[in-house]
Structures are given as C-alpha cells and as structure tokens.
Amino acid sequence: MPTVILVRHGRSTANADGVLAGWSPGIALDDSGRDQAAALAARLAALPLAAAVTSPLQRCRETIRPLLDTRPELPVHTEDRIGECRYGDWTGRKLAELTDQPLWATVQRYPSAAVFPGEGGESIRAMQSRAVDAVREWNDRIEAEYGPDALYLMCSHGDIIKSIAAEALGMHLDFFQRLAVDPCSVTVIRYASQRPFVLRLGDTGELAGLAPRERPAGQDEDDAVVGGGTGAR
C-alpha cells in the first residue's frame, strides 16, 4: 500500500492567539506559518509525490501553496473528512477559557468519551473514524493509479493527524493526547497489507530518507526488519 505523508498546517493566526479555530472561516497562516510552509516545500523536494490531498480549510490550503508553486503538475484534491474536528460551541473560543469546563478533563483523560457541545459538535470518536476512513480510501485510490510504492501527501489538522497516528499504532483513542504534532510537522505512515508502519511522528527535520528504495531480497513488504533497518542510503 502507499505511504501517506501527513502534514499539519503551518502556524495560524488562531494558533498564535490561543483560539480554538475549528471550522471558522478566514483563519490564515501567520508570518511564522508562511515561513514554515515555504520550508516544507524545500523539505519535500527530493520526494516523488504522486498527489496532494488537503483539508478544505484555508490554513491547510495556504500550507501547501508553496509546494504547488514548485510542482504545478502535482494533482491536488480536497477532502472534507480530514477537515478539523467540529468543536461546536467551543469553536472560536480562547483555550484559556475552556480549561475550566468539565468537558476539558474528559478531552484530556478520556477523549473517546468526549462529545463537543452545541449544534454541529462531534465526538472525537467520530472525528477519528471519518479521518481513518478517508486515509484508507485514499490509499486504495492512490495505489490503483500510481502503484503500491507511491508517496502522497495529506495536509490536515493536529487532532486529526494524532487520531490517525493513534489508530496506526494500535493505541486506544484515550491515549492519543500522548502524541505531539507541531505546526507544519510531518507524520508518515506506510500501510502494508498486514500492518501500518509509522515512519515519522511530528517530524520537523529533513525528509529525503523517505524516498522509495529497493527492498532487501527475501523481505516481504509486511515484514518488520529484525534488529532495525539500515536507514537511508
């Protein structure tokens, strides 16, 4: 199966202001986020990306814009299911105001039980389900069109990426808050037929080592390398 490069959007104006943006319109990258997006395009330069898939929200579209400027031929698709969690009445509020809410403790300790209040608020379980379904379906689509060794990019949001990574790691959703995914960080998962392999988690460094390379003789794609791999060559 293909390898998906999950990119969290660069730092947004809401991140800088400590606001839970959710699906609020007009949330752009700030100056730091624009610098992160420009650097991301350079970090990805050595990788043969088959396609890019993005959340419809502005901050994600702005994050991949420098990449698309350098690769105008790269197919781009919008996927609502990797859009931000729908936080309901919490949307647009300061994080500092939410820490006293009873639901805050649930989100921190037992997120699988958390349902955000108000019209349109969703549960964290529903958020994870739609996001994982989207990745699995895009894996099939990318493999059918570009082959099993294809690399493709998804630009999404922190809680979405953490929930996808938790599922790939076999973690209960109640543990997903243990994962850290900074703005414009990269989390990389290779989906083999028997298990996913998490290759990077919240990585902000170089990415050239993710380029496809020949598999050692006799090693199946589902095999973990006993003793550890040899790394990039």
Side-chain angles (χ1 to χ4, degrees), residues 4-34 36-37 40 51-68 76-104 106-108 111-138 153-167 173 176-177 179-187 202:
V4 59
I5 299 172
L6 297 163
V7 176
R8 185 185 171 194
H9 61 79
R11 195 176 82 160
S12 70
T13 54
N15 295 146
D17 292 339
V19 170
L20 189 64
W23 283 71
S24 300
I27 304 297
L29 300 184
D30 68 2
D31 289 342
S32 177
R34 286 189 287 273
Q36 290 169 343
L40 175 69
V53 183
T54 182
S55 157
L57 295 173
Q58 179 179 341
R59 53 197 182 274
C60 288
R61 292 185 284 107
E62 289 183 357
T63 297
I64 64 169
R65 174 49 53 195
L67 173 67
L68 301 180
V76 183
H77 309 274
T78 300
E79 173 57 76
D80 285 354
R81 290 175 296 175
I82 62 168
E84 182 62 283
C85 186
R86 296 187 181 275
Y87 295 115
D89 291 347
W90 280 24
T91 301
R93 295 184 62 184
K94 290 273 191 178
L95 292 169
E97 298 173 356
L98 297 171
T99 57
D100 292 334
Q101 299 291 315
L103 181 61
W104 184 268
T106 304
V107 170
Q108 295 300 317
S112 67
V115 181
F116 292 101
E119 183 177 358
E122 72 178 331
S123 69
I124 293 180
R125 284 185 294 108
M127 177 202 74
Q128 182 188 48
S129 179
R130 64 171 164 87
V132 170
D133 284 350
V135 171
R136 297 286 185 171
E137 290 176 24
W138 275 101
L153 179 146
M154 274 191 168
C155 188
S156 187
H157 307 267
D159 282 347
I160 295 285
I161 293 172
K162 286 164 56 177
S163 74
I164 293 169
E167 191 273 340
L173 184 58
F176 99 127
Q177 300 290 27
L179 306 179
V181 179
D182 286 339
C184 233
S185 66
V186 168
T187 295

Item to complete: Kindly write out the residues that satisfy side chain to side chain contact (heavy atoms under 4.5 Å, CB included) with Leu103, not counting sequence neighbours, or none if the list is empty.
Response: Trp90, Thr106, Val107, Ala114, Phe116, Pro117
Worksheet item: Under the side chain to side chain contact (heavy atoms under 4.5 Å, CB included) test, which residues partner Ala14, sequence neighbours left out?
Response: Ser12, Val19, Ala21, Ile27
Which atom of [X] lies closest to which atom of [Y], heavy atoms considered:
X      : Y      : answer
Ile160 : Gly83  : CD1-O, 3.2 Å
Ala165 : Leu179 : CB-CD1, 4.0 Å
Cys60  : Ser156 : SG-O, 3.4 Å
Gln177 : Pro111 : CG-CG, 4.3 Å
Gly120 : Arg86  : O-CB, 3.3 Å
Ser185 : Val181 : OG-CG1, 3.3 Å

Quick one: [atom1] on [X] to [atom2] on [Y], what's the gap to the nearest 0.5 Å?
X      : Y      : atom1 : atom2 : result
Gln128 : Leu173 : CD    : CG    : 4.5 Å
Leu153 : Leu67  : CG    : CG    : 6.5 Å
Ile82  : Ile164 : CD1   : CD1   : 7.0 Å
Thr54  : Ile64  : OG1   : CD1   : 4.5 Å
Asn15  : Asp182 : CG    : CG    : 10.0 Å

Worksheet item: Looking at residues at least two apart in the chain, or sitting in another chain, which of them share a salt bridge (Lys or Arg N to Asp or Glu O under 4.0 Å) with Arg125?
Response: none
Which residues satisfy the side chain to side chain donor-acceptor pair (under 3.5 Å) test with [X], sequence neighbours excluded?
X      : value
Trp138 : Glu79
Ser163 : none
Glu137 : Arg81
Ser129 : none

Note, [X] side chain near [Y] side chain (heavy atom, < 4.5 Å):
X      : Y      : result
Leu57  : His157 : yes
Gln36  : His9   : no
Ile124 : Asp159 : no

Worksheet item: Can you list the residues that meet the ring pair (Phe, Tyr, Trp, His ring centres under 6.0 Å) rule with Phe176, with sequence neighbours excluded?
Response: none
Fill in: Backbone N/O of Leu29 and side chain of Arg34: donor-acceptor pair under 3.5 Å
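Yes, because the side chain of Arg34 sits within donor-acceptor range (under 3.5 Å) of the backbone of Leu29.
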Practice prompt. Enumerate the residue pairs fulfilling salt bridge (Lys or Arg N to Asp or Glu O under 4.0 Å) with a member in residues 53-65, sequence neighbours excluded, ordered by first and then second residue.
Written response: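 Listed by first then second residue: Arg59-Glu84, Arg65-Asp69.
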Worksheet, complete the sentence: Contacts satisfying salt bridge (Lys or Arg N to Asp or Glu O under 4.0 Å) that involve residues 92-104 (not counting sequence neighbours) are Arg93-Glu97
Worksheet item: Only one of Thr63, Val53, Leu6, Leu40 clears side-chain contact (heavy atoms from CB on, under 4.5 Å) with Cys155; which?
Response: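 Answer to the side-chain contact (heavy atoms from CB on, under 4.5 Å) test with Cys155 among Thr63, Val53, Leu6, Leu40: Thr63.
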Item to complete: Sorted by first residue and then second, give each side chain to side chain donor-acceptor pair (under 3.5 Å) pair with at least one member in residues 17-29; sequence neighbours left out.
Response: none
Worksheet item: With sequence neighbours left out, which residue pairs that include part of residues 113-123 fulfil the side chain to side chain donor-acceptor pair (under 3.5 Å) condition?
Response: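 Matches after skipping sequence neighbours: Glu122-Arg130.
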Item to complete: Starting from the C-alpha separation in whole Å, work towards a yes-or-no answer on side-chain contact (heavy atoms from CB on, under 4.5 Å) for Val76 and Leu68.
Response: CA-CA 9 Å; Val76 183; Leu68 301 180; 3.4 Å; yes
